[in-house]
Amino acid sequence: MAENEWLSKDFYKILGVSKDASEADINKAYRKLARQYHPDLNQTKEAEEKFKDISEAYDVLSSKDSRQKYDAIRQFGMGGARFAGGSGGGFDASGFSDIFGSMFGGNGGNVRFGTNGGPTNINDIFSMFGGGAGGMGGGAPFGGGYATGDPYAGRQSAPQPEDGEDRNSKINLTFRQAVKGATVSLSADGKKFKTHIPAGVKDGQKIRLGGKGKPGRNGGKAGDLYLTVSVADDPKFTMRGTDILMDLPVTVGEAVGGAKVEATDVDGETVTFKVPAGSSSGTEVRVSGRGVKQGNTPGDLVGRVQIRVPAKPGLGLRHAAKEFDAKAGDEYAAGVAAGR
């Protein structure tokens, strides 16, 4: 905006602040309005025009020098000095000299107005502020950088903070790493960093690593990194919540009479399952606390009873099996048949 338009623009009203507003108040008001009317956020013609006005007002009022000059010009234009018409006339600068006196160290009385070599129109007066001559066409006396004919040419609005974009990546874990948790090395933008994968992570689960995405701009925060976990299958173990499941092979005698059956857990350590008498295939027995350790209550190692019989039973074994069925009685046979 050219300075000769300042008389018709109330920058304080545009920003919604009082004439004695502090620099902090002006900055706060501008940021609030800029977020509301910035063209990237509000793509309407009205918002675009409003944003231009807001930017103009902020540029003037945020600078101590230009704000002082603006206040002086507004006071002058609202009745501080009076022009007189006619070829021999000038104007009464009695009110105006005080304004300029405060701006030029008390020498405002030495500024003369009239037709004998002094400035006689508003453009000449404005040229005095910037040390220029001959009106406003030659440049912007207050350093605004506005090109003639285009009041918004060269304007740069205050950069708005922009958050960085999120990233997506993948990581492969063994089953044991998924159960126990693991510290893994990753890289982003050529920089390596380590992160901890929590115990009990599942295949396909996504883990958010805050601030590890693309960097923000103009002070905006960095994006996040979303890490998709792929867990390799294990031939012996699976997870169910915080429990670790495994098949527990037992003999017919162990299933019928009950037994203590040893096996190895996910760490390769020996554990003992107590198989109660009368267990069938699918019965679950537990070793407490040997599952996934999450929080204060770790899961269990769960053995699913699997009754095994010889692949090629001999004649005597087959005869004994028939005797077992007979001794088990009709109720046992009926229960087996019902489950088929």
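All values below were derived from every heavy atom in this structure, side-chain atoms included, with hydrogens, water molecules and symmetry-related copies excluded. What you see is a predicted model; the values in this text were computed from it and never measured.
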Exercise for the section: Say whether Val305 and Val252 are linked into one hydrophobic cluster, either directly or through other cluster members, by side-chain heavy-atom distances under 4.5 angstrom. Expected result: yes
Problem - Validation row: Leu301, Met246 side chains within 4.5 angstrom (heavy atoms) - result: yes
Problem - Side-chain (Tyr70) to main-chain (Ala57) donor-acceptor, under 3.5 angstrom - result: no
Practice task
Could you grab the distance from atom OG of Ser62 to atom CD1 of Ile26, nearest 0.5 Å is fine?
Solution key: 7.5 Å
Handout entry: Atom pair OH/OG of Tyr37 and Ser55 - distance to nearest 0.5 Å
Key = 13.0 Å
Practice task
For Pro276 and Val285, work out which heavy atoms get closest and say how close.
Solution key: CD-CG1, 3.7 Å
Handout entry: Test item: Thr228 and Ile171 side chains (from C-beta on) under 4.5 Å apart, heavy atoms
Key = no
Practice task
Given side-chain contact (heavy atoms from CB on, under 4.5 Å), test Ile14 with Ile54 step by step and report yes or no.
Solution key: CA-CA 6 Å; Ile14 290 173; Ile54 293 166; 4.3 Å; yes
Problem - Leu225 and Asp166, any side-chain heavy atoms less than 4.5 Å apart - result: no
Exercise for the section: Not counting sequence neighbours, list each pair that qualifies as a ring-ring contact (aromatic ring centres under 6.0 Å, His included) and has a residue in residues 167-204. Expected result: none
Practice task
Can you tell me which residue pairs pass the side chain to side chain donor-acceptor pair (under 3.5 Å) test with a partner in residues 12-23, sequence neighbours excluded?
Solution key: Tyr12-Arg67, Tyr12-Asp71, Ser18-Asp20, Ser22-Asp25
Handout entry: Side chain Glu254, main chain Thr251, donor-acceptor under 3.5 Å
Key = yes
Practice task
Any pair with a residue in residues 182-200 that passes salt bridge (Lys or Arg N to Asp or Glu O under 4.0 Å), sequence neighbours left out, goes on the list, sorted by first then second residue, please.
Solution key: Arg167-Asp189
Exercise for the section: Work out which heavy atom in Val292 is nearest to a heavy atom in Ala199; give both atom names and the distance. Expected result: CG1-C, 3.9 Å
Problem - Spatial distance of atom CD (Gln205) from atom CD1 (Ile197) [nearest 0.5 Å] - result: 9.5 Å
Exercise for the section: Answer whether the closest heavy-atom distance between the side chains of Leu173 and Val229 falls below 4.5 Å. Expected result: yes
Kindly list each side-chain donor-acceptor pair under 3.5 angstrom involving residues 255-268, sequence neighbours excluded, with atom names and distances?
residue, atom, partner, partner atom, Å
Thr264, OG1, Lys236, NZ, 2.9
Asp265, OD1, Asp267, N, 3.0
Asp265, OD1, Gly268, N, 3.1
Asp265, OD1, Glu269, N, 2.8
Asp265, OD2, Arg290, NH2, 2.7
Asp267, OD1, Arg176, NE, 3.0
Asp267, OD1, Arg176, NH2, 2.9
Asp267, OD2, Lys180, NZ, 3.2

Exercise for the section: Taking side-chain hydrogen bond (donor to acceptor under 3.5 Å, both in side chains) as the test, write out the residues that go with Ser185, two or more places apart. Expected result: none
Exercise for the section: With sequence neighbours left out, write down each residue that passes side-chain hydrogen bond (donor to acceptor under 3.5 Å, both in side chains) with Arg31, or none if nothing qualifies. Expected result: none
Practice task
Kindly say whether Ile307 contributes a backbone atom to a donor-acceptor pair with the side chain of Ser281 at under 3.5 angstrom?
Solution key: yes
Practice task
May I ask you to decide if Leu33's main-chain N or O and Gln36's side chain share a donor-acceptor pair within less than 3.5 Å?
Solution key: no
Handout entry: side chain to side chain donor-acceptor pair (under 3.5 Å): pairs with one or both residues in residues 303-320, sequence neighbours excluded
Key = His319-Glu323
Exercise for the section: For the residue pair Thr242 and Thr297, establish whether any side-chain heavy-atom pair is separated by less than 4.5 Å. Expected result: no
Practice task
Not counting sequence neighbours, which residues clear ring-ring contact (aromatic ring centres under 6.0 Å, His included) with Phe324? List them please.
Solution key: Tyr332
Practice task
For residues Lys52 and Glu48, determine if any side-chain heavy atom of one lies less than 4.5 Å from a side-chain heavy atom of the other.
Solution key: yes
Handout entry: Side-chain donor or acceptor of Arg240 paired with backbone N/O of Val302 under 3.5 Å
Key = no
Problem - From CA spacing to verdict: side-chain contact (heavy atoms from CB on, under 4.5 Å), Leu15, Leu61 - result: CA-CA 10 Å; Leu15 292 183; Leu61 298 185; 4.0 Å; yes
Mind listing the side-chain donor-acceptor pairs of residues 209-218 below 3.5 Å, one per line with the distance, residues two or more places apart or on another chain?
residue, atom, partner, partner atom, Å
Arg217, NE, Glu162, OE1, 3.4
Arg217, NH2, Glu162, OE1, 3.3
Asn218, ND2, Gln160, O, 3.1

Practice task
Please check if the side chain of Ser63 supplies one atom and the backbone of Val60 the other of a donor-acceptor pair under 3.5 Å.
Solution key: no
Completion exercise
Glu284 and Arg286 have their tightest heavy-atom pair at OE1-NH2, 4.2 Å
Problem - Pairing residues for Asp163 by the side-chain hydrogen bond (donor to acceptor under 3.5 Å, both in side chains) criterion, not counting sequence neighbours - result: none
Practice task
To the nearest 0.5 Å, tell me how far Thr283 OG1 sits from Leu248 CG.
Solution key: 10.5 Å
Problem - Pro298 to Gly289 - nearest heavy-atom pair and separation - result: CG-CA, 4.1 Å
Practice task
Indicate yes or no for a side-chain donor-acceptor contact from Asp243 to the backbone of Asp300 under 3.5 Å, with no hydrogens or angles considered.
Solution key: yes
Handout entry: Check: Thr174 side chain, Gln177 main-chain N or O, donor-acceptor pair, under 3.5 Å
Key = yes
Exercise for the section: Apply the test salt bridge (Lys or Arg N to Asp or Glu O under 4.0 Å) to residues Lys45 and Glu49: give CA-CA distance (whole Å), side-chain angles for both, the deciding distance (0.1 Å), then the verdict. Expected result: CA-CA 6 Å; Lys45 184 64 177 178; Glu49 294 300 323; 3.7 Å; yes
Exercise for the section: Treat each ILVMFWY residue as a node, draw an edge where side-chain heavy atoms are under 4.5 Å apart, and state whether Val179 and Val287 are in one component. Expected result: yes
Practice task
First locate atom OH of Tyr226, then atom NZ of Lys206, and finally report the distance between them rounded to the nearest 0.5 Å.
Solution key: 8.5 Å
Completion exercise
Residue pairs passing the ring-ring contact (aromatic ring centres under 6.0 Å, His included) test with at least one member in residues 48-69, sequence neighbours excluded, are Tyr30-Tyr58, His38-Phe51
Problem - Exercise: do Asn42 and Thr44 side chains pair donor with acceptor under 3.5 Å - result: yes
Fill in the blank from the handout: Asp203 meets the side-chain hydrogen bond (donor to acceptor under 3.5 Å, both in side chains) criterion, sequence neighbours left out, with none
